[in-house]
Amino acid sequence: MAKKILIVEDEQALSEAYQIILKKEGYEVEAAYDGQQALKQIKKGDPDLILLDLRMPKMSGIEFLNEYKPAKKHPKVKIIVFSNLDTQNEIDKAYDLGAHKYMLKAWASPKELARFVSNTLEDK
C-alpha cells in the first residue's frame, strides 16, 4: 500500500507541483491550503508524512503543530517543515512541537524533494 502524504501549502501552484512530484514517486497525496483545512482532512485518518509550510493564512504551520500535537498524539506521523522561512526561532519551535526535519523550499529540486521525503519516511 502506498504511503500517504499530506501537503499543507497555501500557494496553489507550489502545492500542485509537489503533488505531481510525489505522485510520480508512487505516494498517495492529498493537499490542504492552510492549517485549519489540514486538521479537517486528518480527521479522516493520519497520513504517513506531512509536508508543512510555516507561513499560511488562517492557521500557520506553528499553530497547526500546536493543535495537532504530533509529538504526543501522533508520534508515528513524520513531519517535514518545508518553508522559505529560515528564522531559527520558528524552526526550533517547529522541532519542539514534533517536526522531524526542515528543508528550505528555495533549495529543493524535484529530485531532492522526493529523496528527502523518502529518507524521512524510512527513518525509524
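Sequential numbering from 1 along the given sequence is applied to the chain's residues. Side chains included, hydrogens not; waters and symmetry mates left out as well; all remaining heavy atoms used. Treat the numbers as computed from the prediction; the structure is a model and nothing was measured.
- Once rounded to the nearest 0.5 Å, the distance linking CG of L39 with CG of D34 reads 9.0 Å.
- Follow the hydrophobic side-chain contacts under 4.5 Å out from I20 and you never reach L6; the two are in separate clusters.
- Considering every non-hydrogen atom in both A38 and V8, the closest pair reads CB-CG2, 3.7 Å.
- The minimum heavy-atom distance linking L52 with G61 is given by the pair CD2-O, 3.8 Å.
- Among T120, L113, I79, the single residue meeting the side-chain contact (heavy atoms from CB on, under 4.5 Å) criterion with L51 is L113.
- Annotation: the span from N89 atom CG to I91 atom CD1 amounts to 9.5 Å, rounded to 0.5 Å.
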### Task
Might you work through the side-chain contact (heavy atoms from CB on, under 4.5 Å) test for I62 and L54, ending with a clear yes or no?
CA-CA 6 Å; I62 297 296; L54 289 182; 4.0 Å; yes
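- For the ring-ring contact (aromatic ring centres under 6.0 Å, His included) condition, the pairs that include at least one residue of residues 13-48, sequence neighbours left out, are Y18-F82.
- In summary, E90 and R55 engage in a salt bridge, as defined by a charged side-chain N under 4.0 Å from a carboxylate O.
- Between E25 and R115 there is no salt bridge, since none of the side-chain N atoms of the basic residue sits less than 4.0 Å from a carboxylate O of the acidic one.
- The heavy-atom pair separating D10 from D53 by the smallest distance is OD1-OD2, 3.0 Å.
- To the nearest 0.5 Å, atom CD of residue Q37 and atom CE of residue M59 are 12.0 Å apart.
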### Task
Kindly indicate, with the supporting measurements, whether the criterion side-chain contact (heavy atoms from CB on, under 4.5 Å) is fulfilled by I80 and V117.
CA-CA 8 Å; I80 298 174; V117 165; 4.1 Å; yes
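- If you take NZ on K3 and CG on L121, they are separated by 6.0 Å, rounding to the nearest 0.5 Å.
- Under a 3.5 Å cut-off, the side chain of E63 and the backbone N or O of S60 do form a donor-acceptor pair.
- S15 and E11 share no side-chain donor-acceptor pair at under 3.5 Å.
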Using a 3.5 Å cut-off and no angle test, enumerate the donor-acceptor pairs between side-chain atoms of residues 40-48 and protein atoms at least two apart in sequence or in another chain.
| unit_1 | atom_1 | unit_2 | atom_2 | d |
| --- | --- | --- | --- | --- |
| Q41 | NE2 | E30 | OE1 | 3.2 |
| Q41 | NE2 | A31 | O | 3.4 |
| D46 | OD1 | Y68 | OH | 2.7 |
| D46 | OD1 | H74 | ND1 | 3.2 |
| D46 | OD2 | H74 | ND1 | 2.8 |
| D48 | OD2 | K4 | N | 2.7 |

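- Separating the NZ atom in K78 from the CG atom in D123 is a distance of 5.0 Å, to the nearest 0.5 Å.
- Annotation: side chain of M103 is not in contact with side chain of V81 (no heavy-atom distance under 4.5 Å).
- Between the side chain of Y95 and the backbone N or O of Y102, at least one donor-acceptor pair lies under 3.5 Å.
- At a threshold of 4.5 Å between non-hydrogen side-chain atoms, the residues K105 and E9 count as touching.
- The minimum heavy-atom distance between I21 and A114, with the atom names listed, is CG2-CB, 4.3 Å.
- Partners of E112 under the side chain to side chain donor-acceptor pair (under 3.5 Å) rule, at least two apart in sequence or in another chain, are S109.
- Rounding to the nearest 0.5 angstrom, the gap separating the CD1 atom in I5 from the CD atom in E28 is 9.5 Å.
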